[in-house]
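Some notes on the structure that comes next.
Values below: all heavy atoms of this structure, side chains included; hydrogens, waters and symmetry mates excluded. First listed ligand is number 1; within each ligand, the first listed atom is number 1. Numbers here simply count residues along the sequence, with the first being 1.
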Amino acid sequence: MRKSGKFITIEGVEGSGKTTQCALLADYLREQGIDVVVTREPGGTRAGEQIRQILLSPSNNALSPIAELMLFLAARAQQVAEIVLPSLESGKCVICDRFSDATIAYQGYGRGLDLDSISQVNEIATQGLKPDLTILLDLDIETGISRAVTHKREFRESKDGDRIEKQDKEFHRRVREGYIELARREPERIVVVPVTGSIKDIHRIVVSLVAPFLVKTP
Ligand SMILES: Nc1ncnc2c1ncn2[C@@H]1O[C@H](COP(=O)(O)OP(=O)(O)OP(=O)(O)O)[C@@H](O)[C@H]1O
Ligand SMILES: [Mg+2]
């Protein structure tokens with residue numbers, strides 16, 4: 001079946017506000033009477049959540065970059081098949097907290113794996129699905145990591161930040177630059193939002209980007 005709902009992804013470095021903005025956007029869309037599904041990467045499905053534990057556990061710091069790539073893609077393939085495609089086909093709007101661009105930014109630009117190979121495996125995992133709109137929250141990595149670590153301490157998820165947050169600053173800098181490069185290459189799909197204001201300010205910008213887009217004819 002052809003998809004009919006809109007597919008929106010939110011991307012950005014650690015702590016840039018993705019999860020916060022996904023939740024606020026979902027609330028806004030529901031208030032507009034739109035049926036919304038929010039999911040996160042890696043995870044969102046039972047198998048995906050188990051894969052998430054492997055990926056984020058600091059005890060797996062010897063995971064090879066290719067093993068890491070395949071785990072992310074396995075989680076994505078399951079999420080696309082189980083949640084994203086069926087939801088879009090039934091006309092729902094799907095908001096995804098990270099998607100294919102994250103793999104290119106982290107495993108490609110961050111870890112240095114071949115960008116074309118990643119695009120090919122991404123294509124397999126997503127069955128060729130592309131977001132209709134991607135919002136890239138752009139924040140300097142120092143502020144982002146400090147927000148992410150503080151946030152997790154508050155919620156007792158992890159005392160010292162997860163495995164990926166523990167990567168060196170150069171890694172995160174490459175990820176941020178990688179995201180910007182992706183936005184340069186696909187300006188019609190990826191909109192860069194500098195995270196310079198409060199959560200509410202950014203939410204207003206996100207809504208202004210999404211609202212007109214939703215009334216466009218499919
Ligand atoms: N614009 C903002 N100004 C100040 N604080 C913010 C802003 N956006 C988010 N925060 C705070 O930063 C912390 C991290 O936000 P959030 O968890 O949404 O980021 P994230 O991008 O999902 O992080 P991660 O990459 O770790 O999943 C939270 O405590 C959130 O309240
Ligand atoms: Mg998050």
Side-chain angles (χ1 to χ4, degrees), residues 8-29 36-45 48-49 51-58 60 68 71-72 75-76 79 83-84 94-111 131 133-169 171-180 182-183 190-210:
I8 298 162
T9 60
I10 301 198
E11 299 277 1
V13 295
E14 317 301 310
S16 52
K18 300 175 294 296
T19 305
T20 306
Q21 294 301 331
C22 280
L24 291 175
L25 176 61
D27 289 346
Y28 168 83
L29 293 175
V36 185
V37 172
V38 188
T39 186
R40 67 171 184 176
E41 280 230 329
T45 64
E49 290 298 332
I51 294 169
R52 183 185 181 93
Q53 295 304 315
I54 300 173
L55 280 165
L56 301 186
S57 164
N60 285 332
E68 180 188 75
L71 285 166
F72 271 110
R76 180 166 308 136
Q79 191 183 71
I83 299 174
V84 180
V94 177
I95 303 171
C96 202
D97 191 335
R98 293 192 189 281
F99 197 63
S100 303
D101 298 308
T103 314
I104 300 175
Y106 280 81
Q107 279 69 48
Y109 288 95
R111 301 252 188 264
L133 172 69
T134 297
I135 293 168
L136 172 55
L137 299 176
D138 185 50
L139 178 65
D140 69 90
I141 58 157
E142 285 83 3
T143 311
I145 291 172
S146 112
R147 280 183 190 170
V149 171
T150 311
H151 176 72
K152 278 177 188 163
R153 272 201 204 112
E154 280 167 19
F155 288 88
R156 297 174 192 276
E157 281 179 42
S158 157
K159 266 207 314 255
D160 322 300
D162 64 36
R163 189 179 63 85
I164 289 176
E165 278 160 9
K166 283 187 158 189
Q167 302 294 321
D168 60 80
K169 284 200 174 152
F171 169 81
H172 290 287
R173 224 162 258 134
R174 290 195 298 275
V175 171
R176 183 185 183 194
E177 284 310 308
Y179 269 132
I180 297 290
L182 288 175
I190 307 178
V191 183
V192 183
V193 174
V195 182
T196 48
S198 68
I199 290 174
K200 263 194 176 165
D201 294 334
I202 307 301
H203 173 59
R204 268 186 226 113
I205 297 169
V206 169
V207 165
S208 73
L209 293 170
V210 171

#### Entry: Gln21 N/O to ligand 1 N/O under 3.5 Å
no
### Task
Tell me which one of Ile199, Ile10, Asp201, Leu139 gets a heavy atom nearest to atom 8 (N) of ligand 1.
Ile199
### Query
Does any N or O in the side chain of Asp201 come within less than 3.5 Å of the main-chain N or O of Ser198, such that one atom is a donor and the other an acceptor?
yes
### Task
Decide salt bridge (charged side-chain N to carboxylate O under 4.0 Å, His left out) for Glu14 and Arg98; before the verdict, give the C-alpha distance in whole Å, the side-chain angles of both, and the deciding distance to 0.1 Å.
CA-CA 11 Å; Glu14 317 301 310; Arg98 293 192 189 281; 3.6 Å; yes
### Task
Between Leu137 and ligand 1, find which residue part has any heavy-atom pair under 4.0 Å and reply side chain, backbone, both or neither.
neither
### Query
ligand 1 versus Arg98, non-hydrogen atoms closer than 4.0 Å: side chain, backbone, both, neither?
side chain
## Note on the structure
Quick note on ligand 1: atoms under 4.0 Å from a heavy atom of Val195 include exactly 1 (N)
### Summary
Quick note on ligand 1: atoms under 4.0 Å from a heavy atom of Ala148 include exactly 26 (O)
### Query
Going by heavy atoms, is Ser198 under 4.0 Å from ligand 1?
yes
### Task
Run the numbers for me: atoms of ligand 1, each under 4.0 Å from some heavy atom of Gly15, listed by number.
19 (O), 20 (P), 21 (O), 23 (O), 24 (P), 25 (O), 26 (O)
### Message
Quick check: closest heavy atoms across Cys22 and Val38, and the distance to 0.1 Å?
### Response
CB-CG1, 4.1 Å
### Message
With nothing but distance in play, are any N or O atoms of Asp97 less than 3.5 Å from an N or O of ligand 1?
### Response
no
#### Entry: Residues Cys96, Gln79; criterion side chain to side chain contact (heavy atoms under 4.5 Å, CB included); working and verdict
CA-CA 10 Å; Cys96 202; Gln79 191 183 71; 3.6 Å; yes
### Query
Ala75 and Ile51: which non-hydrogen atoms are nearest, and at how many Å?
N-CD1, 3.8 Å
### Residue among Thr20, Leu24, Asp27 satisfying side-chain contact (heavy atoms from CB on, under 4.5 Å) with His203
Leu24
### Task
Measure the distances from the heavy atoms of Gly197 to every atom of ligand 1 and state whether one is below 4.0 angstrom.
yes
## Note on the structure
Tightest non-hydrogen contact, residues Thr196 and Ile202, listed as N-CD1, 3.9 Å
#### Entry: Under 2.8 Å: N/O/S of Thr19 next to the Mg ion (ligand 2)
yes
### Task
Could you tell me whether a side-chain N or O of Asp138 sits under 3.5 Å from a main-chain N or O of Val192, the two making a donor and an acceptor?
no
